[in-house]
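Here the structure is a predicted model, which is why all the values come from computation and not from measurement.
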Amino acid sequence: MDTIAAVATPAGEGGIAIIRMSGDKSKEILSLAFKSKRPPLARRAVYGVVADARADAIDEAIAIYMPAPHSYTREDVVEIQCHGGLHVVRRILERLYELGAIPAQPGEFTKRAFLNGRIDLSQAEAVMSVIKAGSDAALRSANRQLRGGVSRNIQSIADEITDALAGIEAACDFPEEIDEEIERGEVLIQLKKALASLKRAIDPRSARMITRGVSVALVGRPNTGKSSIMNALAGFERAIVSHHAGTTRDAVTATIELGGALINLTDTAGQRQTNDDIERIGVDIAQKAQADADIVVVVLDGSVPLTPEDMAVLSAADERYVIAVNKRDLYAGREPFGAGGWGEFEKAGIKSPRVVSVCATEPAGVDELIAALREMTGRIDPDQDILTVKRHIDLALEAANCLERAISSAESGLPLDLSAVDIQLALQAILSIRGLDASEATIDAIFSRFCVGK
C-alpha cells in the first residue's frame with residue numbers, strides 16, 4: 001500500500017503545523033528528509049531539521065516515529081511538527097512527495113485504521129463526530145462511540161439474532177431431534193429481545209438534540225419581552241428590543257451552552273392577527289418554530305390580564321412548554337395578570353409543567369428560567385445506548401422492520417425457515433453499522449466526508 005502524507009492541522013498560518021505520513025516507506029522517507037544528531041527512535045520526539053534535496057534546511061522540526069502495529073493506522077506512521085507557515089508546510093510536503101509519498105485523500109488515515117482492523121466503521125465515524133462536537137453532550141456521545149460503546153451494543157443485538165438463526169437452522173436440519181414448536185418459542189423470545197434493544201437505540205429526536213443541539217423557541221404575542229429575554233439568555237444584544245409591537249418579524253437565532261448541552265435559541269415574531277403581509281409571514285414562521293421546537297418558552301406579560309392572543313399561543317401547551325411570566329418588576333408584590341392572578345391559568349384550562357416569573361432586566365429572574373431549561377435539557381443522556389449517526393439509525397430501522405416481519409410470521413404459525421429470510425436481512429443491516437457487511441461504495445462515501453489529514 002502506498003505511503004501517504006498530508007497536513008493534520010487546519011489550513012492556514014499558525015504557530016505549529018503537523019504533517020503526518022503512514023505506510024511502509026514512512027521511516028525510510030523520514031531518514032532521507034529529516035536530519036538530526038540521532039536517528040528517530042520509536043515513539044520518541046527527536047529534534048532536527050527537514051532538508052531539501054540539496055541538504056539545505058527547510059525548517060527546524062520535531063519528528064516522531066510510531067512503528068506498526070502500535071499506531072493510529074496500524075502501519076508505520078511518522079509525524080513532523082514544524083512551524084505553521086503556509087510556505088514552510090508546502091515545501092516539506094513537496095520534499096516528502098519527492099521521496100515517494102503521495103498526497104492522502106480525505107479520511108484516508110482513518111480509513112486505513114478501519115481497513116487494518118484497529119477500529120470498526122462506527123468507531124471511524126465517531127472520529128469526525130469528536131472533531132465536530134459543539135457541546136459537552138455531543139463530545140461525550142462521540143467519545144462513547146469512539147471507545148466502542150455503540151459497537152458493543154450492536155454486537156450484542158447481532159449475537160441475539162444469530163442465536164435465533166442458529167436455532168431455526170438446527171430445527172430445520174434435525175427435525176427428529178428438535179421440536180419446531182418448542183424452538184419457535186425460543187426464537188420468538190430472542191427476536192423480541194433483540195427488537196426491544198433496537199427500539200431503545202433508535203431515538204432520532206434525542207440523537208439530534210445530542211449532536212446538533214436543543215431547539216428552544218421563544219413565542220408569544222407582540223411586546224411581551226421575548227427579544228429582551230433572548231438577549232438575556234444569549235448574554236449579548238442579539239435581538240432588537242423596542243416598545244413598538246411587531247419589531248421582530250423574522251426568526252432571530254443564537255446558540256449557547258447550558259448544562260453541557262447546546263441550546264439553539266430562536267426569537268420569533270409576535271403572534272397576532274394582522275393584515276400586514278410581511279408580518280403574517282413572520283407569524284407563520286413563529287408558529288412553525290413553536291410546533292417543531294424541542295422546548296417552547298411562552299413569554300407572557302404579567303403586568304396586564306391575559307389576552308385572547310395569549311390563549312391562542314398557550315392552547316398547544318404540553319410537556320415541552322415553559323411559561324415565562326415576564327415583567328415581574330411591574331407586578332412585584334401582587335399577583336400577575338391583574339385581579340385574576342394565577343387563577344387565570346385554571347380558568348383557561350392551561351396545564352403546563354413549568355411556570356416561572358421573570359424579569360428580563362434582573363439576573364435573578366433570568367436565572368430561574370435558565371434553571372427550568374437546564375432541568376429539561378438534563379434529561380438528555382449522551383451515555384445511553386442510542387444511535388446518533390443517521391446511517392446507523394437508518395440501518396437499525398431497516399433491521400427493526402425485518403425483525404417485526406419475522407416475529408409476525410413466526411407467531412402466525414408459518415414454517416420457521418420463512419422467518420429466517422427476514423432475520424438474515426436484519427442481521428446484515430445490523431452488521432453493516434459496524435462495517436462488517438458494508439459495501440466498498442458505502443465505505444468510500446463515509447470517508448469522503450472526512451478532512452484531509454484525518
Side chain to side chain contact (heavy atoms under 4.5 Å, CB included) against [X], all qualifying residues, sequence neighbours excluded:
| X | value |
| --- | --- |
| Pro106 | Val452 |
| Asn153 | Ile157, Ala201, Asp385 |
| Val7 | Thr9, Ile19, Val89, Leu93 |

Quick one: does [X]'s side chain get under 4.5 Å of [Y]'s, heavy atoms only?
| X | Y | value |
| --- | --- | --- |
| Val297 | Val219 | no |
| Val325 | Tyr331 | yes |
| Val358 | Arg328 | no |
| Asn326 | Ile229 | yes |
| Ile430 | Leu395 | no |
| Asn264 | Val216 | no |
| Thr162 | Leu427 | yes |
| Met21 | Ile4 | no |

- Ionic contact status for Asp422 with Arg405, cut-off 4.0 Å: yes

Return yes if some donor-acceptor pair links the side-chain N/O of [X] with the main-chain N/O of [Y] below 3.5 Å, else return no.
| X | Y | value |
| --- | --- | --- |
| Arg184 | Ala410 | yes |
| Asp310 | Leu306 | no |
| Ser156 | Arg152 | no |
| Thr224 | Val299 | yes |

- Item | Verdict with reasoning, Met376 to Val322, per side-chain contact (heavy atoms from CB on, under 4.5 Å) | CA-CA 10 Å; Met376 298 179 77; Val322 178; 3.3 Å; yes

- salt bridge (Lys or Arg N to Asp or Glu O under 4.0 Å) contacts touching residues 79-89 (sequence neighbours left out): Arg20-Glu79

- Are Gln81 and Glu60 close enough, and set up right, to give a side-chain contact (heavy atoms from CB on, under 4.5 Å), and what steps lead you there? CA-CA 9 Å; Gln81 301 175 9; Glu60 294 179 298; over 6 Å; no

Can you list the residues that meet the salt bridge (charged side-chain N to carboxylate O under 4.0 Å, His left out) rule with [X], with sequence neighbours excluded?
| X | answer |
| --- | --- |
| Arg434 | Asp120 |
| Asp301 | Lys327 |
| Arg140 | Asp383 |

- Task: Could you pull out all residues at least two apart from Arg147 that satisfy side-chain hydrogen bond (donor to acceptor under 3.5 Å, both in side chains)?
- Result: none

- Query: Which residues satisfy the side-chain hydrogen bond (donor to acceptor under 3.5 Å, both in side chains) test with Glu404, sequence neighbours excluded?
  - Reply: Lys199

- Message: Considering only residues two or more places apart or on different chains, which pairs with a residue in residues 102-114 satisfy side chain to side chain donor-acceptor pair (under 3.5 Å)?
- Response: Tyr72-Thr110, Glu75-Arg112, Glu108-Arg112, Lys111-Asp444

- Task: Would you check, one step at a time, whether the test side-chain contact (heavy atoms from CB on, under 4.5 Å) holds for Arg118 with Thr73?
- Result: CA-CA 7 Å; Arg118 180 180 172 273; Thr73 61; over 6 Å; no

- Which heavy-atom pair separates Ser151 from Gln123 by the least distance, and what is that distance? OG-CG, 4.0 Å

- If you take all heavy atoms of Arg74 and Gly117, which pair is closest and at what distance? NH1-O, 3.3 Å

Indicate every side-chain donor-acceptor pair of residues 186-194 with a distance under 3.5 Å to a residue at least two apart or in another chain.
| residue | atom | partner | partner atom | Å |
| --- | --- | --- | --- | --- |
| Gln190 | OE1 | Ala164 | N | 3.4 |
| Lys192 | NZ | Glu411 | OE2 | 2.8 |

- Message: Arg208 and side chain to side chain donor-acceptor pair (under 3.5 Å): which single residue from Asp294, Asp203, Thr388 fits?
- Response: Asp294

Donor-acceptor contacts under 3.5 Å from residues 129-138 side chains, at least two apart:
| residue | atom | partner | partner atom | Å |
| --- | --- | --- | --- | --- |
| Ser129 | OG | Glu125 | O | 3.4 |
| Ser135 | OG | Ala138 | N | 3.2 |

